[in-house]
Structure formats: structure tokens, C-alpha cells
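Every number for a ligand or one of its atoms is a count from 1 in the order of the listing. Predicted, not measured: the structure shown is a model, and the values here were computed from it.
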Amino acid sequence: MAAHQVGSVALELKDITKRYPLVLANDHISLDVRWGEVLAVVGENGAGKSTLMKIVYGLVKPDVGSISVNGTPIAITEPGDAIAQGIGMVHQHFMLVDPFTVLENVILGSEPGSVGQINLAQARAEVSALMKDLEFKLPLDTPVEELPVGLQQRVEILKALYRKAHILILDEPTAVLTPQEADELFDFLRRFVAQGNAVIFISHKLAEVVKVSDRVTVIRDGKVVGTVATKDTSPPQLARMMVGREVILKVDKKPAQVGQVLLEVEHLSIQGKDQKHRLNDVSFSVRAGEIVGIAGVEGNGQTELVEALTGLRHYQGSVRLGGQTLPQNARAVREWGLSHIPEDRNARGLVLDFSTKENSILGDHYRPPNTGFLGFIDSQKVEQEAREMVKDFDVRPRSTDLAARRYSGGNAQKIIVGRELSRHPKVLVAAQPTRGVDIGAIEFIHENIVEARDQGMAVLLVSADLNEVRSLSDRILVMFEGKIMGELQASQASEEKLGLLMAGIAS
Ligand SMILES: Nc1ncnc2c1ncn2[C@@H]1O[C@H](COP(=O)(O)OP(=O)(O)OP(=O)(O)O)[C@@H](O)[C@H]1O
Ligand SMILES: [Mg+2]
């Protein structure tokens, strides 16, 4: 890779401004990233981070502002222009073609060889050499759909670097990674900048921002609040700059006052297509007024468990809600009073082309209180409730008509959390409820879940974030390879104890 003048400005943005009908997403943003550094960009949900990065990559056109690479102003009107300048982007929602192999995905769109004839041997040699250089191990002939997310993300990175990216942009790359995968990514980023490249890294996890970056630029309401050297800052200080107030990262809750068993799972098993157990004889219960957390490395059966409980997947064994055995379908459990915050918000939580108002009644649109006379939707009532929900859950912008896809990631998540809690469920199954949400909003969502617990809701919390599981739960179950490895009171669940159980080692 060509060496650049370490310390000189790689990419400079000046006065970037972008107005959407309801918000000024970027308000004269100026920042720079230098060769040899990782610049972190942080800010609340909706602060304008993704918009800014899409502008740099040619996916969104700014109203005003200029971009320079190596001191030379450039025009970027489409991703091809950005790629030509050595700018690469790893999207949060991967843009890979699932049935294609790793090699095919990497070279797609820039295949070597003449028209109509791809020189696969040459491509393979080039990609292999690049992987060696990057210390990446990837199975070139495996379809990407068979790879875990951590490796899929590596394919995205490889793809950008195959196109000779020297400035790499990553928008919330660790939201879907396990802690170990995240550490591997950070190792790579440090190696990459040590070779004289530049990285822009967006994350809501301030501990990792402090770990991986050299400088941090903070954005609030579309404006730059400031840029600080990482060595001179700390997560609490960054939080203050982001939110404009002190953020208490500790959940404040009273001891649980438990009532009757509301969710009772016995001998629950699910077999995969390959006849292997995804869930293997799982039994536990959750009572009114308590939060039971499921800890575990992702992919150990948590997804299947949530799908079974919410009626999205068939299972063997028994699940009783309030003592009743219900049909294994989503409508039946929802009507009984179970709410679900799904892990994949875009696929399961929202209809992206629907408005906030429409999304706010998803799953309950066919029955009172959302319907009135003759079963028609009572649009006035729905509008009014949606307006309240948007206000209570601080969804920004405060619209009930904006399509879900036009919200920032964290605000889309707030719409789902708001909908699921506003219907006052008896049981809440929450999978990764604060993924992609800023720290101020995490505090807020946690407070709401605890408040609902105190009013007698039973909560099953599944989260890849150990801190979240430890601080929110009353009891913790650890899953490993489809089984419950052990149960701990949250007060006794040290990181070490949890770590051992998560690795399949029973104490
Ligand atoms: N296509 C669009 N149409 C209308 N408004 C939009 C559009 N895209 C983004 N916005 C608005 O611009 C603002 C900034 O959004 P952006 O996605 O940049 O935020 P973000 O800082 O990346 O937030 P998050 O941390 O939640 O991902 C938000 O208020 C969002 O609703
Ligand atoms: Mg974003």
C-alpha cells in the first residue's frame, strides 16, 4: 500500500450542510481526518453522523460544503467518485450478495479480465495476496450467507480495500459483533492506520471509541461540538459533550417485588435443518415484576429461543403464558399480552415504508383500541396515541407521518420500544433493546423497562451487551450451545463467573 505523509490531512470536510424537510441534519460541519489515525465520530441518535458519511461516499448530495482529499478539492456525486479517490465504506447493513462466494463478492463490479470474461485466477491471486497483507483469514469459496456476521464484515472490508481504499469509513461496525470479533476489528484498524491509512469510525460504545481512536469529533444536532484528542478524554466526558448533560450509566432500581409466574418454559427444544439442536431442553420461568437476563455469546440459541417464545418458530416442549398453553403463532401470543422487541429491527420490527403512525399499531392494527365502528381503523385515535408515543419516547423528529426508513437508526429503535411498551404487555421479550441507541436514550429505555417491571410486567432480556444484562437483570441465565449453562443472581454475576459459563464451563 502506498505510504502517505503521516499526520497530514487525508480528508477534509468544510461547511457540509444538508437540510431534510423536518431537520437540519448537517449544519456547517467541518472536520478532518489525518493519515495514520483513527478519527471517531460520536453523537446522539439523529445527530447527523450517517448523513455526513453518506455525503462523503456520494450517496447523499449536500446542499452546501466542500470535500478535499490530500488538500485538493474534489467533486463526489456518486460512490464511484469516492472510490476513485480511495474512499471506502463499510455499511452497517451489509451490501453483500448472499449466495455468492467470498471471492465473487469481493470482486463484484471490479472484475479483472476483458468484457464478458472474468479472469478468476488473477482475481483469486490478487485477493489472496491482499488477505495475506491484511492478516485476514477468509474461505474464498464459501457463500457469504454461511459466514458469521464478523466474517461477513471482513468481506466488506476486503471489498473496499480491493478497490484500493486508503480512507475507510465504518458506520457502527461493532453493533452486530461479539466482543471478540470487535477486538479483532480494532486490531485490524490499528494495523491499517499504522501503514499510513486513515479511518473514520462511528460508534455509540464510548469505551471502544476510547480504545481504538486517536481523536474524537462530537456532533450534536447537526453541528460539531468539538474535537478532542482521545488521550485527553474519557467516556463520561464524551457523554457530556454528546448529550449536553451528565449521563448516569448505572441503572437505578429497587429490589424486584415478584408475583406469579407469567412465562413458563419447559423442555423447550428446536432442531435445525441439519438435525442438530439449536435449543436443547431449555426450562426456566419468569415471574411478574422481575427481569430475567439471558447472557451468552450470540449464536448459542438466543435467537431461536426468542422466536419460539414470540410464536415465530415451532418448537417441541411447552411454553405457558399466565398458566395457559397458547397456539404456536405470533398473533395468539401477542393478543394474550406478550410484547416483542426484535433483534433485527428492519426485518421484523418495522415496515420501512410505513409512517410512524402506521408502525405504531403494527400487529394490533386489526383490533380495539385501534379500530372503532365496524372494525375500521380509528385514525383519529391512532394519530393521537402515536403523537403521545413519539413524545413519551423522545422519537426525533417528532413526526407521526415520516416513513420509518427516514429515521436515524437509534430513533427507529425508539419507535419499536415505544410501541411495544405502550400497549402495556404482561410479558416483554426484549432482544438487544438498545442496539444502536445512544447513551442518553439507553438510560431512558432502561428506566422505562424497570418502571414497567415495577408495575408487574415480566421481562425476558436477551442482550449481547454484558453490561446491559448485568445492570438491568434481577436474575441471569447463561446460554451455551442451545442449553442453559447456569443461573446467577445479578448481584453475584461477576464478569468472570459469566465468562466461564458463556464459554461452556460449569462451575
Ligand atoms: N432521507 C431522509 N429524509 C428525511 N430525513 C432524513 C433522511 N435521512 C436522514 N434524515 C434525518 O436526518 C437526521 C440525521 O440522521 P442520521 O441518520 O444522519 O443520524 P445519526 O447521527 O446517524 O443517528 P444514529 O446514531 O441514530 O444512527 C435525522 O433526524 C433523520 O431523521
Ligand atoms: Mg446512523
So that I can tick it off, tell me whether [Y] and [X] are bridged by a salt bridge, with the cut-off set at under 4.0 angstrom between side-chain N and carboxylate O.
X      : Y      : answer
Glu447 : Lys253 : no
Arg419 : Glu358 : no
Asp438 : Lys49  : no

Worksheet item: Does Tyr366 have Arg331 sitting over its ring (NZ/CZ under 6.0 Å from centre, angle to axis within 45°)?
Response: yes
Worksheet item: Hey, does the Lys NZ or Arg CZ of Lys18 hover above the aromatic six-ring of Tyr20, less than 6.0 Å from the centre and inside 45° of the axis?
Response: yes
Discussion item. Against Glu135, only a single residue in Arg154, Arg190, Arg191 fulfils salt bridge (Lys or Arg N to Asp or Glu O under 4.0 Å); can you say which?
Written reply: Arg191
Practice prompt. Going by the salt bridge (Lys or Arg N to Asp or Glu O under 4.0 Å) test, name the single residue among Arg220, Lys414, Arg396 that passes it with Glu44.
Written response: Arg396
Response to the item:
Lining ligand 1 at under 4.0 Å, by non-hydrogen atom distance, are residues Tyr20, Val23, Ala25, Glu44, Asn45, Gly46, Ala47, Gly48, Lys49, Ser50, Thr51, Glu172, His204, Pro397, Arg406, Tyr407, Ser408, Gly409, Gly410
Practice prompt. Could you please tell me which protein N, O or S atoms lie under 2.8 Å from the Mg ion (ligand 2)?
Written response: Ser50 OG
Worksheet item: Quick one: do the Gln455 and His424 side chains pair a donor with an acceptor below 3.5 Å?
Response: no
Worksheet item: Would you call the rings of Trp35 and His4 parallel, tilted or perpendicular if under 30° counts as parallel and over 60° as perpendicular?
Response: parallel
